[in-house]
Amino acid sequence: MRPTRARTLVLTAVVCAIGTWLLLHLAYTSLPLLPWSGVPALALLAIAEAICGRSVRARLHGRGTPIPPIAVARLAALAFIGGLAVGFLIYVAGSVDKSSAYRSDTFASGATLVAAALLVAAALYLEYGCRVPNGRDQGAEPGAPPQSGAQR
């Protein structure tokens, strides 16, 4: 598995932003107000991932119990949530002065964007924590201690 590239995250966010903007252009007036409930949920996930990233890094460096590779999910793909928030924000930001609904949706989508960015940063930190330190045996079974010394 290779580290997530910034290009992949940006492309995902851009595609989602464009798709969201197009959908809102067609159906915004029939949608309810954007809920705020996603903001604390994303923020809590970001905190949990940052804590997990620190724990995983310590465990891979030999402090604590080893973890099997399958136990670590690659969650940086959540950039699409940020893309959705960007598309929503772009659509409603130009109409803030038209009604309180636009204004409310602008603030909610902006806060969702910030929370999604924090979640992506925490996911990247978790991914960074999953990198096996140099010198460890890459072919060993999950949870097996690293081999030391020369092979005979």
Side-chain angles (χ1 to χ4, degrees), residues 1-134 136 138 140-143:
M1 183 183 283
R2 295 175 190 233
T4 302
R5 294 182 178 173
R7 167 178 75 203
T8 304
L9 295 175
V10 170
L11 183 61
T12 301
V14 167
V15 168
C16 288
I18 292 170
T20 301
W21 185 88
L22 290 171
L23 286 172
L24 290 174
H25 188 67
L26 297 173
Y28 180 76
T29 56
S30 63
L31 296 175
L33 289 176
L34 188 62
W36 280 86
S37 58
V39 177
L42 291 175
L44 288 173
L45 282 172
I47 292 167
E49 276 198 33
I51 292 168
C52 286
R54 186 174 184 193
S55 171
V56 166
R57 188 86 178 143
R59 291 168 79 180
L60 285 175
H61 278 53
R63 297 181 300 273
T65 59
I67 54 172
I70 195 71
V72 180
R74 192 172 175 189
L75 296 176
L78 291 172
F80 75 90
I81 293 173
L84 294 174
V86 167
F88 214 100
L89 186 59
I90 289 170
Y91 184 81
V92 296
S95 303
V96 170
D97 58 344
K98 289 184 181 178
S99 76
S100 62
Y102 281 103
R103 194 170 19 268
S104 174
D105 283 348
T106 300
F107 290 125
S109 60
T112 301
L113 176 60
V114 170
L118 290 173
L119 181 57
V120 169
L124 291 171
Y125 179 67
L126 176 61
E127 181 182 80
Y128 172 77
C130 294
R131 294 182 185 160
V132 177
N134 291 335
R136 300 264 321 246
Q138 297 289 330
E141 288 293 317

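- By the neighbour-count criterion of 12 heavy atoms within 6.0 Å, atom CZ of F107 is sparsely surrounded, having that number or fewer from other residues, nucleotides or ligands.
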Report all side-chain donor-acceptor pairs from residues 84-98 shorter than 3.5 Å, counting only partners two or more places apart or in another chain.
none

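- Taking each heavy atom of A108 and P35 in turn, the nearest pair found is CB-O, 4.4 Å.
- Going from atom CG of D105 over to atom CG of L31 covers 8.5 Å, rounded to the nearest 0.5 Å.
- Although no hydrogens or angles enter the test, the distance criterion places no donor-acceptor pair under 3.5 Å between the side chain of S104 and the main chain of S100.
- Distance check, rounded to the nearest 0.5 Å: CG of L113 to CG of L118 gives 9.5 Å.
- Considering every non-hydrogen atom in both A43 and A115, the closest pair reads N-CB, 4.2 Å.
- Y28 and A101 get closest at one heavy-atom pair: OH-O, 3.8 Å.
- Atom CD1 of residue I47 and atom CG of residue L42 lie 11.5 Å apart, to the nearest 0.5 angstrom.
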